[in-house]
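FYI, side chains are in, hydrogens and waters are out, and symmetry mates aren't considered; it's all heavy atoms of this structure. Sequential numbering from 1 along the given sequence is applied to the chain's residues.
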Amino acid sequence: MAAIIISTGHFTNLTFVFVVLCNTIIGIIQEFKVKEVIDKLSVVTVAKVKVIRNQEMKTIPVEELVIDDVVFLENGNQIGSDCKVIDSQGMEINEALLTGESEPIKKQYNDELLAGSFVVTGSGYGKVIRVGNDNYSTKLVQKAKHKNKASSQMKDSIEKVIKVLSVVIIPVGFILFASQMVAYPNDRGMAIVKTVGGVIGMIPEGLVLLTSLSFILGVGKLAQKNALVQEMEAIEALARVDVLCLDKTGTITTGELAVERVYPYEPYTHTFIEEILGSMAYDFDDVNATQSALREAFDKIKDFDIIEKVPFSSKNKMRSITLKDHRTFVLGAPEFLTDNEIVLDRVNSYSYQGYRVLFLGETIDDINHPMALIVIHDCLRDDARSTLRFFNKNNVDVCILSGDNPITVSRVAQLAGLRKADQYIDASTLPEDDEELYKVVDHYHIFGRVKPEQKQRIIKAFQHNNHVVGMVGDGVNDVLALKDADCGIAMAAGSDAAKQAAHIVLLDSNFSSMKSIVKEGRTIIANIEKVSSLYLTKTIYSTCLCIIFAAMRQSYPFTPIQLSLISSLAIGIPSFFVALESSSTLSTGGFSKHIMTTALPCALTIIIDMIFINILGNILHFDTTQLSTFYYLTAGFVSFLVVYIVFSPFNRIRIFVSAVLTILFFLILLVIPNFFGINFFLNWNYIILIPIFAVSVVLVNLLKHIIYKFYSQKKYPF
């Protein structure tokens, strides 16, 4: 467009180029500033491995691994390079990101471990056999690591607008040029200028930049709140989340456990029970919160001669040891280990009180005979109540997906103040059929005994029911759910797998920081949605006016220089002001709502005004300058109406900015009217503008009411 204008010699109409350059420079500067912040923070999520070098354990970045390095692997670690097992302590590997198979695979001596898979149970040592691009699975991992992009309704909507304009703008441009050649048969240059004015008006030139810039600055703002955004679109996804799924541990509880009491069963003595529990606590390497609580409560009193150990797995919900005398003892979830009704009744009574219960038993003839129940309590986070209250207040349904007993989880959630915490279900009873699951999930807020693949199914079920779903997790068992959620949020203290699958990483691993992060995200998105009306008003009326005046074969109302002043004072400056200001706005009505209820009625008002002024000009025999003045002043007036609508509710700063911009607009036209091709000196003709302005205000409000009423009953593809 700029090149075409230069060819005509109408250099004053090149002002839009300066706006483009300024926007681009601002965007680049801001992006570099934010990049500096992110580069400092992203070090936290760099994958590291423990390696044995010179008989010492060292932690190094995965990129520094070399062939024959011996790496130590434990629960939650991602395997950074192809290895062979040289020692396994019940190590199980999840290769879901490579093969799609979610079932863990046991690894023994000399088995191969592929880069990109994760340790889910046990620990061990591996010897590196391939590194870098030589890894057998490198290409496969890149495909298998694919996670869902964070959802962005706004980005999708803008892309649809751009796609439509890309198809429409070329034929409309040619048609408009043909009509302008008829309107200006002896002035090819002016015909080109008018055509460029129409085409430039159709392009929401600052909207894409403003959206990207707002996302970039949002990344910086969230970084200051200890949230590392790994995909910019996650800011919007987080702002739109209406169902937030999370694990109980580390969110509403601290993750720390303590043994409350031990309830023994005859004929087993307290001493023998404590000896077995001491062995269960200290003879396994896969230390977790439960095992830490057991170690805190019990000492290793006796060294048993153990011939077989089965470490805890999320699938079996138990661990076991077999002694030299072939006695086998199991420790784990009561529901999985016994069907003794008396025992289970006692378990339920403790669960109703908010306790977790472990079953210790001896396996005789494939039956687990009860030895003791170990009663354990979770420690509630101090900020759990205020965090859940925030989400309740902001219409976000919090659902807990836990591997624990649903009754226990429900009770703990009630103590923390979770809304509808009494609506719980055991995930093992969930229907296998997806259609049935879709009908069930919305009725529950607590899901207990959930397996990793079930978390993923629950997330997808909520999404199928038109919810925007966030998932907070920190373990390998959360990876599948994190990568499929609209916005996956991981704790920096969690597993490498969770951090890589997530869209956002909480660097302080503090769930309560979600409050400020969600507030910031919602403010950013709500502001962008509001200012989108400013850009799209011009796009809508410019496109329609191009078609209308091309059909009438009359001069297009505006030149590029005229639209540049409107674009700067009634669109560019106010839009950047609103989009980048701090606001207490937490609600977001949706991109289409702002298009339909603000941009469309204001654009239609301008279109109606332009047609009326055209008819009026023919009746009153306006010359070209008078007609252009009427067009321009009316378009400017309605454009500032859009600013006032977007700025509401007003505060002192918004009143000041909008007033200054309006006055500045009309002052510029008074001082240099000829530069913009108008005559702004008062005469009797311009008195007609007063009723036109008044009618425009009425039209905007009337059309807003009609369109909003119609819009609320329809669905649009925005």
Over all atoms of both residues, closest heavy-atom pair of [X] and [Y]:
{"X": "Ser658", "Y": "Phe650", "result": "OG-CE2, 3.9 Å"}
{"X": "Gly572", "Y": "Tyr535", "result": "CA-OH, 4.1 Å"}
{"X": "Val396", "Y": "Val241", "result": "CG2-O, 3.6 Å"}
{"X": "Leu176", "Y": "Gly198", "result": "CD2-CA, 4.0 Å"}
{"X": "Ser533", "Y": "Thr537", "result": "O-OG1, 2.6 Å"}
{"X": "Ile672", "Y": "Phe676", "result": "O-CD1, 3.5 Å"}

Practice item. Starting from the C-alpha separation in whole Å, work towards a yes-or-no answer on side-chain contact (heavy atoms from CB on, under 4.5 Å) for Leu238 and Ile504. Key: CA-CA 9 Å; Leu238 181 63; Ile504 296 175; 4.0 Å; yes

Practice item. Evaluate the criterion side-chain contact (heavy atoms from CB on, under 4.5 Å) for residue pair Leu545 and Phe558; output intermediate values, then yes/no. Key: CA-CA 10 Å; Leu545 289 177; Phe558 310 115; 4.0 Å; yes

Counting distance only, does the side-chain N/O of [X] pair as donor-acceptor with the main-chain N or O of [Y] below 3.5 Å?
{"X": "Gln180", "Y": "Gln554", "value": "yes"}
{"X": "Asn465", "Y": "His467", "value": "no"}
{"X": "Ser628", "Y": "Thr624", "value": "no"}
{"X": "Thr543", "Y": "Met202", "value": "no"}
{"X": "Asp486", "Y": "Val469", "value": "yes"}
{"X": "Ser648", "Y": "Ile645", "value": "yes"}
{"X": "Asn510", "Y": "Ser512", "value": "yes"}

Do [X] and [Y] make a side-chain contact, defined as non-hydrogen atoms from C-beta onward lying under 4.5 Å apart?
{"X": "Met610", "Y": "Ile548", "result": "no"}
{"X": "Thr629", "Y": "Leu689", "result": "no"}
{"X": "Lys519", "Y": "Phe390", "result": "yes"}
{"X": "Ser166", "Y": "Lys163", "result": "no"}
{"X": "Ile547", "Y": "Val172", "result": "yes"}
{"X": "Leu165", "Y": "Pro204", "result": "yes"}
{"X": "Thr559", "Y": "His10", "result": "no"}
{"X": "Leu600", "Y": "Leu604", "result": "yes"}

[X] atom [atom1], over 12 foreign heavy atoms within 6.0 Å:
{"X": "Ile170", "atom1": "CD1", "result": "no"}
{"X": "Phe656", "atom1": "CZ", "result": "no"}
{"X": "Leu664", "atom1": "CG", "result": "yes"}

Between atom [atom1] of [X] and atom [atom2] of [Y], what is the distance when rounded to the nearest 0.5 Å?
{"X": "Phe462", "Y": "Met471", "atom1": "CZ", "atom2": "CE", "answer": "11.5 Å"}
{"X": "Leu569", "Y": "Ile663", "atom1": "CG", "atom2": "CD1", "answer": "12.0 Å"}
{"X": "Leu699", "Y": "Cys602", "atom1": "CG", "atom2": "SG", "answer": "10.5 Å"}
{"X": "Asn226", "Y": "Ile517", "atom1": "CG", "atom2": "CD1", "answer": "8.0 Å"}
{"X": "Arg419", "Y": "Phe391", "atom1": "CZ", "atom2": "CZ", "answer": "11.5 Å"}
{"X": "Met181", "Y": "Asn186", "atom1": "CE", "atom2": "CG", "answer": "9.0 Å"}

Exercise for review: List the steps, then state whether side-chain contact (heavy atoms from CB on, under 4.5 Å) holds for Val398 with Leu388.
Suggested key: CA-CA 8 Å; Val398 176; Leu388 292 176; 4.1 Å; yes

Check your understanding: Between Lys225 and Asp508, is there a side-chain N and carboxylate O pair less than 4.0 Å apart?
Key ->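 Judged by the 4.0 Å cut-off on N to carboxylate O distance, Lys225 and Asp508 do not form a salt bridge.
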
Point to revise | Residue pair Tyr556 / Ser179, side-chain donor-acceptor N/O under 3.5 Å | key: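 Result is no, nothing qualifies.
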
Point to revise | Verdict with reasoning, Asp242 to Asn395, per side-chain contact (heavy atoms from CB on, under 4.5 Å) | key: CA-CA 7 Å; Asp242 60 352; Asn395 300 316; over 6 Å; no

Check your understanding: Under the criterion side chain to side chain donor-acceptor pair (under 3.5 Å), which of Thr605, Asn701, Asp609 is the partner of Ser696?
Key ->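 Single side chain to side chain donor-acceptor pair (under 3.5 Å) partner of Ser696 among Thr605, Asn701, Asp609: Asp609.
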
Quiz: residues 632-640 side-chain donor-acceptor pairs under 3.5 angstrom, not counting sequence neighbours:
from, atom 1, to, atom 2, distance (Å)
Tyr632, OH, Gln562, O, 2.6
Thr634, OG1, Phe630, O, 2.8
Ser639, OG, Ala635, O, 2.7

